[in-house]
Amino acid sequence: MLRTRFRRLAAGAAVAVVGLGALTACGSGGDDEAASGPAKLRFLSLAWQKESLQVNKDLVAKWNAEHPDIQVEYVQGDWNSVHDQLLTSFEGGDAPDIVHYEASSIGEFSKQGYLADLSDLVSDDLKGQIDKGIWDTVTVDGKVTGVPFLLESQVVIANKKLLDAAGVAVPPADGGWTWDEFQSNAQKLTKPGQYGAAWALKSPTNRVLNLALNYDGKFFYGDGGRTEVKVGDAEKEIPKRIHDMLYTAKSASPEALGMSGADTLPGFFGGKYAMLPGSVSLRQQMVEQAPAGFEWVTLPPIKGLSTKQAANPQTLSISEDSKHKKQAAQFLEYFLNPTNMAALAKGDWLVPTGKQANEQLVKLTEGKQGWDVAADSAADLTVAPFQQADGYPEWKTKYATPALQQYFANKITLDQLGTQLVDGGKQVLR
């Protein structure tokens, strides 16, 4: 999924980088015909947190014990280096049989024919567990080249004592505030030395385009030909509301603009910010780092015309060159059954894509630590136009991020922001 910066950096420090030799030792071949002896599969996993690592390894060990004819070797990967390593191994014809990655990154490999079409390999039961909008994120040119299994949504983490003191009621897990209500409550929570919210916008592009779906803001438009960027009223809605909180209502902290989500935690724990709009995975830092006695709650996604957000799930794919695609698919069915998917999501503080896994996770955790909100937030996650636009990474880096940073720093107007985004699209989109 679009992993937040602090999680990627943590991943880089927390796990060993898998060497090219480990990836290229698969001996992948051409078809599904079994060789003598058990079928041997290599599974490249990007799990990195302690609990997630243990769940992944335990599931592989249990599978191997129960399936002597299909043996899976666990290979540890790293989020920071996996793209280049996979590209090298795919081009060399020696890729892992099973690849863990994310929807926004497998499209390139799908278009180059490196990933198998899973349409006929995945059971109807597994297909039915996951909503079509999520499957759309892994569908390229009509081919399903990954099984989406973990999601990351945008929610709001709040200081419960500050909410109570201001008379702001916590909304139910299945019914969050509208944007108007969120902004109004942020105003109520603002007083000398305390801001109602802190928007961590060091890397603002994905956040803005993600939330823009609340108002049907697409940014990217195309009819099968050239894609172009358009910035109309729908696209302007989220940037304008955040800007208004910063400079009109002054209910959001300007100093948080250059921060990542984790950077805001000291101020949040110290009572400087009452609410943190951010990733659902931020709950992990609450559990691990919050001072004794600190009360926090997870608030549902904010609602515009809808609570739609962009889904960029973590995925499991099968290499097109794998000798054992059917056996690999059998392993995926086991690895991602509802009970196992729930355990994988819990270990990574993310949301499972499967409906039954979601139900089991809420039951397992009793909905505590925001798991009820996290599970419910998956309902409106869907594919966004920017995720399927060729040239998006370059547009994001060269044009969108600098322009949004200028706008949120109050250095350019909303119309100037729109002009820069459109002009940037003309330079890089195809």
Side-chain angles (χ1 to χ4, degrees), residues 1-2 47 51-52 55-56 59 62-63 98 100-104 106 118-139 144-155 171-176 210 213-214 279-281 283-284 298-301 303 306-318 329-384 387:
M1 68 199 24
L2 290 173
E51 185 178 351
S52 180
V55 172
N56 274 261
L59 290 179
K62 186 177 179 182
W63 167 272
I98 301 166
H100 176 187
Y101 209 5
E102 60 185 5
S104 65
I106 66 172
L118 305 180
S119 301
D120 296 327
L121 292 172
V122 174
S123 70
D124 289 341
D125 182 57
L126 180 54
K127 291 176 183 176
Q129 284 294 313
I130 302 171
D131 287 338
K132 181 182 182 302
I134 306 300
W135 281 115
D136 286 346
T137 67
V138 294
T139 303
V144 177
T145 53
V147 179
F149 71 108
L150 295 180
L151 292 163
E152 188 164 16
S153 58
Q154 298 294 314
V155 294
D174 60 352
N210 189 320
L213 293 182
N214 288 180
S279 168
V280 70
S281 63
R283 295 171 303 122
Q284 180 183 14
T298 305
L299 310 183
K303 182 179 181 179
S306 71
T307 54
K308 286 184 179 178
Q309 295 183 25
N312 181 29
Q314 291 185 34
T315 56
L316 292 177
S317 300
I318 298 175
Q330 291 175 37
F331 173 74
L332 293 190
E333 293 278 344
Y334 165 83
F335 194 75
L336 299 180
N337 71 37
T339 299
N340 293 342
M341 189 187 289
L344 290 164
K346 183 175 182 294
D348 224 0
W349 289 86
L350 297 175
V351 185
T353 58
K355 298 181 182 71
Q356 287 185 22
N358 239 331
E359 294 170 359
Q360 290 193 23
L361 184 55
V362 173
K363 184 177 180 179
L364 175 68
T365 61
E366 298 180 342
K368 297 177 181 178
Q369 299 176 336
W371 281 112
D372 54 346
V373 174
D376 196 78
S377 70
D380 289 323
L381 294 175
T382 188
V383 66
Q387 293 173 291

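Just so it is clear, the model here is predicted, and its values are computed rather than measured. Just so it is clear, the values below take in all heavy atoms, side chains as well, and ignore hydrogens, waters and symmetry mates.
- Side-chain atoms of S153 never come within 3.5 Å of backbone atoms of S377 as a donor-acceptor pair (strictly under, hydrogens ignored).
- Contact annotation: the side chain of V155 never approaches that of P300 to less than 4.5 Å [non-hydrogen atoms, C-beta and beyond].
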Verdict with reasoning, T339 to Q360, per side chain to side chain donor-acceptor pair (under 3.5 Å): CA-CA 7 Å; T339 299; Q360 290 193 23; 3.0 Å; yes
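- Here the side chain of N210 pairs no donor or acceptor atom with the backbone of Q309 at under 3.5 angstrom.
- You'll find the side chain of F335 reaches within 4.5 Å of the side chain of N56, heavy atoms only.
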Pair L150-V351, side chain to side chain contact (heavy atoms under 4.5 Å, CB included): steps then yes or no: CA-CA 5 Å; L150 295 180; V351 185; over 6 Å; no
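- Interatomic distance, CD1 of I106 versus NE2 of H100, reported as 11.0 Å (0.5 Å rounding).
- For the pair V122/V147, a side-chain contact is recorded, criterion being any heavy-atom separation below 4.5 Å from C-beta on.
- Aromatic ring centres of W63 and F331 lie closer together than 6.0 Å.
- In this structure, the separation between CG on D372 and CG on L361 is 10.5 Å, given to the nearest 0.5 Å.
- Note that the OG atom of S306 and the CG atom of N214 stand 5.5 Å from one another [nearest 0.5 Å].
- Side-chain atoms of Q314 and F149, non-hydrogen and from C-beta on, do get closer than 4.5 Å to each other.
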Would you list the atom pairs, donor with acceptor, under 3.5 Å between side chains in residues 124-131 and any protein atom, with sequence neighbours excluded?
from	atom 1	to	atom 2	distance (Å)
K127	NZ	S119	O	2.5
Q129	OE1	K355	N	3.4
Q129	OE1	Q356	N	2.9
D131	OD1	K355	NZ	3.0

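- For Q387 (side chain) and A384 (main-chain N/O), a donor-acceptor pair under 3.5 Å exists by modelled atom type.
- Atom CD1 in I134 sits 4.5 Å away from atom CG in L151 (nearest 0.5 Å).
- Qualifying salt bridge (charged side-chain N to carboxylate O under 4.0 Å, His left out) partners for K346, counting only residues two or more places apart in sequence or in other chains: E51.
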